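Below is one structure, written out as C-alpha cells, with a few remarks after it.
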Amino acid sequence: MITCGRFDPVIAFDLDLIVKSTAVRRIVAPNPNCLQPFQFTPIATDGRQVLHDGGLAELDAFLGSHAASGKPPLIVLTNREYLGALEAASLRGCQLHAFESRFPLFPQLRHAPLMQVNLATLRKLLRKVRQLGIVASSFSHDQSTRHLHRIARALKFKSGLDRFFFFSLREGQQEVYKHVEERPDRAVVALDFNSMFADCLRGSFCEPRTIRHRTFDRPPAALEAIDEGIYRVVLRGARPGFIQNHHPFLFRRLGRSFHFQLDVGDSVETLLHKSELLHFARFFDAVDVKEGFCSRRAIEHPLAKAAERLYARRRHARSRGDDALEQFCKSSLQLMHSATNQRRDMRTDFASPRELRDFLTSNYNLSLDAQVAPADLQRFLGRTAYFGVRDHANGFELRHLDVDAAGAVYCLSSGVLANARVKLLTAIERFVAYDSVEICYANIDSVHLSIARDRLDGFLRHFEDLIGDSLGQMKVEAIAERGYWFDVGRYWLLKDGQVVQFRNKGFNDGRSQDKFVTRRRAYMQHEAEAFSHLRPFVMHLENSFSYTKKLGPTSSGTTDFVRYSIEEIENSAAMNATEGAEMLRSRVRKAELFARISGEAR
Amino acid sequence: MDYFDKFRGMLSETELNYVGLGLARDILFGDYDGLDDDEESFGDDASSSASPIVPAAPSPPAVDAARLKEAARIIAGLRVKSAVRAKLVRHLMREETDAAIASYLQRERIPIAYHAIVRLDDCIEILVRGIFYKVAALPRKAALDTEVARLCASLKANEEKLIAYERVGVLQRFVHEKLRLHGDAGTVGRVGVAPMRCLLSVARLHLNLLDLRARDAGYALYMNEVSNARASLEYLSPSPPPLSVEGKRVYPRWRVRHLRPLSYFYRRKARRRLSALLTLDIEMAFDAFVEAACRGFALDGDAPARSAE
C-alpha cells in the first residue's frame, strides 16, 4: 500500500490532539474599516539623485534627512528604481517600497528614463489605487483582509478540528506529460479555465463550526450519502486505464514530492475530500473509509456570490477597456480562496533535537525515526516555507506554521482546491477519451493537448459545452503546430516558426522582447546591525530544470515525460539516487533542445 | 617553492589554483597539521579502530545519497573528465572553506549575517561603509569613500607582507581616525564595541582567506607559517597588553586566538572525499569516471554508518 501524506508517507491523527481540539472558537479577522490608510512619500530616483516634492536632491543626503524627519515610508514606481536605491536606504535606516510590486494592477507600467515622468506616473497611479478603494499598504493585504472579514462575519465560529484540514490542503494538479510534440500531422491546443477558482467556490462545503471526528467500523452504505469533509481512505486495487498515469496523488517524503506510476491492483492510502472521493472511487475495486473530519451541515462558500459579482464586474470592465479595474477584479478573485489560509507563524523552543523531532512527529504527520539523519531533517526544515530552525543559547528555536491560527479556516481553502483538482481531472479524462488526443501539460487551470490535425474541428465542436466565455468554461488560448514543455510554467508553443504562446517562469517577466531569456540577474540583500549590502547574482535557465519525472525515449517527433515507478522513489535515498541519475542523463538533452528551438524561433 | 612542479600532470590547472587553499597539499603529502574539534576527531578515531574488525575488502564505503544528487547537479552537462573532477574538487574546497568560516564565526560569536559577505571581494569596504554611515551616521562624502577604497586596496596588495592580524590593526586605526575627523563629539561613543569587534574580526578572516586564495602558493604558505610562528611566540611569551581601558579585563594570551591562520579551523572530514577525487584514474570510461567521482564527492565519513553494517 502506498501512503500519500502531506509531508511524509504518514497519515495518523493523534487521538489526544483530536480530543483537545474539539472546542468551538471564534474566527478572528481584522475589520478592513479599521485598516490604517496607506501613506507613502512618493519619490523617483536614478540611484544617485532623488526627485521628491521639494525638488532634486542627492540620494544619500535626502535619505539622511528623511530618516530624521519621521515622514511616511518612501515609495518608488518601479523595481528598477527600488533596487538602485535599496542599499543606500537601508544604510540610512529608511523604509523603501516599490509601487510595482505592492500594487501589481498595471501590467503596462514601464520605467521611464526621466525621473520627472516616473514621479508623475507614480502620483497618478497612487490616486488611482485610492480610487479603487484600496486602503492597506499593499493590494494583497487589503483584499485578503476584506475577504477574510466577510467570511468571519458570515460564519463567526469554527471548530478546533479545522486544523486537520491543513493536511488535505494542496495545490491544484500541476504536471508536465510531454517534453516535445513536433509531429507534422498534429496540432497543439492550449485551453484555459475562465477564473477557475471563482468557479470552484460554488458547490457545498463542510460547515467549520460543526466539524466532528468520525471513525468507520464498517464502510458507509453509499459514498454519495456521506457528509461533506475529509476522509482518510484506502483505495484498493487500481483498475487498468486512465488512473495509472493520470492520478493526482503525490508520493511525499520529507516534503519532496513525486507523481508516480500506479500498477494495476495497487492500493493508495490518502486523505480526500468528498468530491474527490466520489470522483476516484470508480477507478478502484474497493474503497475503505477509515476515519474522517466532517460535518452534517453543508454550507455555501461565503464568498461564492461575491465571486460571481466580481467576475461579472471583470467582464464589464473588459468590455469597457478599463484595464486597471479588470486586473483588480482578476487579482482579487485569485485571492479569494487563499484568504482563509493566510500564513501565521509560531515559534517554539526546544532543548534537544529529540524534543524537536517528537514535536514535529506528533503535530505535522512526519516520520522522523533514527534513520533520518540530522542533515536530512535540516534540509527539509530549510526547504519548506512552513518551517525554519535556528540554534540559540540553550537549544533550538523552531519557526512553524500555526495551524490553529484564529484567522484560518482550512476546510474552505482546501475544499476549493479539491474542487479545482477534480474539475481539471474530469476535463482531462474527457479529453483523452477523444480520438487521437494526448495530454501534454496541466497547470491548475490550464491544459495543453496534442491532437491529429484533421480531428481538430471535430474536437472543438464535440466539446462545445466545455468551451465558452462563462464562468467555469474553458477558452482556447492558442492553437499551435509544435510544443515544447520543460517544467510547470516553462513552455513554448510555436506556429509557422513563431512563438504563439509561452511561459518562462522566473526568467521572462513579460517585458522583454526576447521570448527565450536564459539569464536573469537577481539580488540578495545581506543585512545586519552594522552593515547592509545588495549582492547581484546570475540565475541560469539550465540550472532551473526539475527532474521529478524522467525523460522517455524520443520517437519520431515526440518525447514524453514518464512518471517514476514507486520503487524508484520509495525513500529519501532512492529519491536522491534516481533524481541524480536523471540529471546526468537528461540535462544535456534538455539544454540542447532549448538551444535548438530558441535558435529557430528567436 | 617548487612543489607546484610535483603536481604537474597529476592535477588540472583549476585544481592547481585551488591548491592554494592548502588542503590538496596536505592530502597528497599526508602532513595535515590542523587540529580538529572533539567531535570530528572522535569520529575518525572510531572508524580507524573499527577497521580491523571489518574484513579487508569491506563493502563499498557508505555514501550520502543527498550528496550524490548534489554531485550530479554540479556536473550534469559536463563532458570532459578533467572538468568533472575539477568542478567537484572546487566545490569541496568551497564547502570546506565555508565550514571553516562558520566555525570561526561561531568561535568569535559573530552574527550569522556576516557569513554571506566574508568571501566578497569588497567585504571590508561594505563593513567600513556600514560603520561610517549606518552606525555612526556620518554624512556621505565621495572623498571618504575613495580613502576607504584606497586603504582596502593596500591591505589586499600587502606590499610589506604583514600578517592579517597586523593589517587589521592598521584598519582599526584608520576607522578611529576618520570617525574622530568627520564625526561630531559623540560619534566615537555612538559606535559601540560590538560593531567594531565584528568589523575587525571579520576583516581578519577575510584577509586570511584572501591570502590563501589570491596569491601564488608560496605566498600563502609563507603567511601561514608566519602566522603560526607568531601565534606560538605569543603563546610562549605573551607581549605586555596595551594600556588597559578602565573596566576591561585583560587576558594575557587573548591575542593568540586572533593570530591563528585559517588552516587552524579546517576539518578533517573533507580529506577522504578529496583524496578519493584526486586519486581517480583518469583513464576510466567516462560514465564510470563520473559515477566514481560522484561517489567520491558523496563519501560519508561518519563512522557509525559503517559499524552498523
Side-chain angles (χ1 to χ4, degrees), chain A residues 48 58-65 67-68 87-88 90-93 254 256 370-371 373-376 378-380 390-391 393 524-535 540 542-543 545 547 571-592, chain B residues 63-79 84 106 110-120 122-123 125-142 145 191-192 194-199 202 287 290-291 294 298 300 302 304-305 308:
Chain A
R48 286 180 300 115
E58 287 299 317
L59 175 64
D60 193 66
F62 171 77
L63 290 169
S65 66
E87 188 174 317
S90 134
L91 274 177
R92 291 302 184 195
L254 289 177
R256 308 244 314 278
Q371 301 286 313
D376 284 341
Q378 198 138 24
R379 269 183 218 120
F380 163 66
R390 65 175 179 202
D391 291 352
M524 199 183 288
Q525 192 179 14
H526 300 302
E527 193 164 18
E529 224 168 279
F531 71 90
S532 40
H533 177 59
L534 198 63
R535 186 163 72 91
H540 297 253
E542 304 89 74
N543 295 342
F545 295 144
Y547 301 89
N571 54 41
S572 278
M575 279 177 180
N576 284 320
T578 306
E579 248 188 308
E582 181 59 21
M583 275 176 205
L584 291 173
R585 210 169 65 82
S586 71
R587 183 182 143 130
V588 176
R589 275 169 74 187
K590 290 179 182 172
E592 280 173 355
Chain B
V63 292
D64 178 352
R67 287 184 64 86
L68 212 56
K69 185 182 140 194
E70 173 73 6
R73 194 186 62 73
I74 294 165
I75 59 167
L78 296 179
R79 291 159 202 236
V84 167
Q106 204 175 13
I110 294 185
I112 197 76
Y114 282 83
H115 193 145
I117 61 160
V118 171
R119 272 212 240 241
L120 301 183
D122 48 356
C123 164
E125 277 105 318
I126 293 167
L127 291 175
V128 174
R129 271 208 303 270
I131 295 274
F132 283 172
Y133 305 125
K134 193 165 183 176
V135 181
L138 297 183
R140 193 151 189 175
K141 291 192 189 106
D145 282 347
V191 179
M196 264 321 254
R197 184 180 69 82
C198 291
L199 163 72
V202 173
D287 286 345
V290 164
E291 203 200 315
C294 288
D300 202 2
D302 282 358

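None of the values given here were measured: they were computed from a predicted structure.
- With a 4.5 angstrom heavy-atom cutoff, A:Glu592 touches chain B only via side-chain atoms.
- Using a 4.0 Å cut-off between a side-chain N of Lys or Arg and a carboxylate O of Asp or Glu, A:Arg585 and A:Glu582 qualify as a salt bridge.
- Neither the backbone nor the side chain of A:Ala591 comes within contact range of chain B, judged by heavy atoms closer than 4.5 Å.
- When every heavy atom of B:Cys294 is checked against every heavy atom of B:Leu68, the shortest pair comes out as O-CD1, 3.5 Å.
- Proximity of A:Asn543 to B:Arg73: side-chain heavy atoms (C-beta onward) are nowhere separated by under 4.5 Å.
- Only the side chain of B:Val290 comes within contact range of chain A, with heavy atoms under 4.5 Å apart.
- For chain B, the nearby part of A:Arg379 is the side chain; its heavy atoms alone come within less than 4.5 Å.
- With chain A as partner, the option from B:Gly192, B:Pro195, B:Gly77 having the largest number of non-hydrogen pairs under 4.5 angstrom is B:Gly77.
- With a 4.5 Å cut-off on non-hydrogen atoms, B:Ile117 touches chain A through its side chain but not through its backbone.
- With a threshold of 4.5 angstrom between heavy atoms, B:Asp64 approaches chain A through side-chain atoms but not through N, CA, C or O.
- For A:Ala528, the side-chain contact (heavy atoms from CB on, under 4.5 Å) partners two or more places apart in sequence, or in a different chain, are A:Phe531, B:Ala113, B:Tyr114.
- Using a cutoff of 4.0 Å between basic side-chain nitrogens and carboxylate oxygens, A:Asp60 and A:Arg92 are scored as salt-bridged.
- By the salt bridge (charged side-chain N to carboxylate O under 4.0 Å, His left out) test, A:Lys590 is found to be paired with no residue, residues two or more places apart in sequence or in another chain being considered.
- The minimum heavy-atom distance linking B:Leu138 with B:Tyr133 is given by the pair O-CD2, 3.5 Å.
- Residue B:Pro139 touches chain A through its backbone alone, counting heavy-atom pairs closer than 4.5 Å.
- Heavy atoms closer than 4.5 Å to chain B are found in both the backbone and the side chain of A:Ser90.
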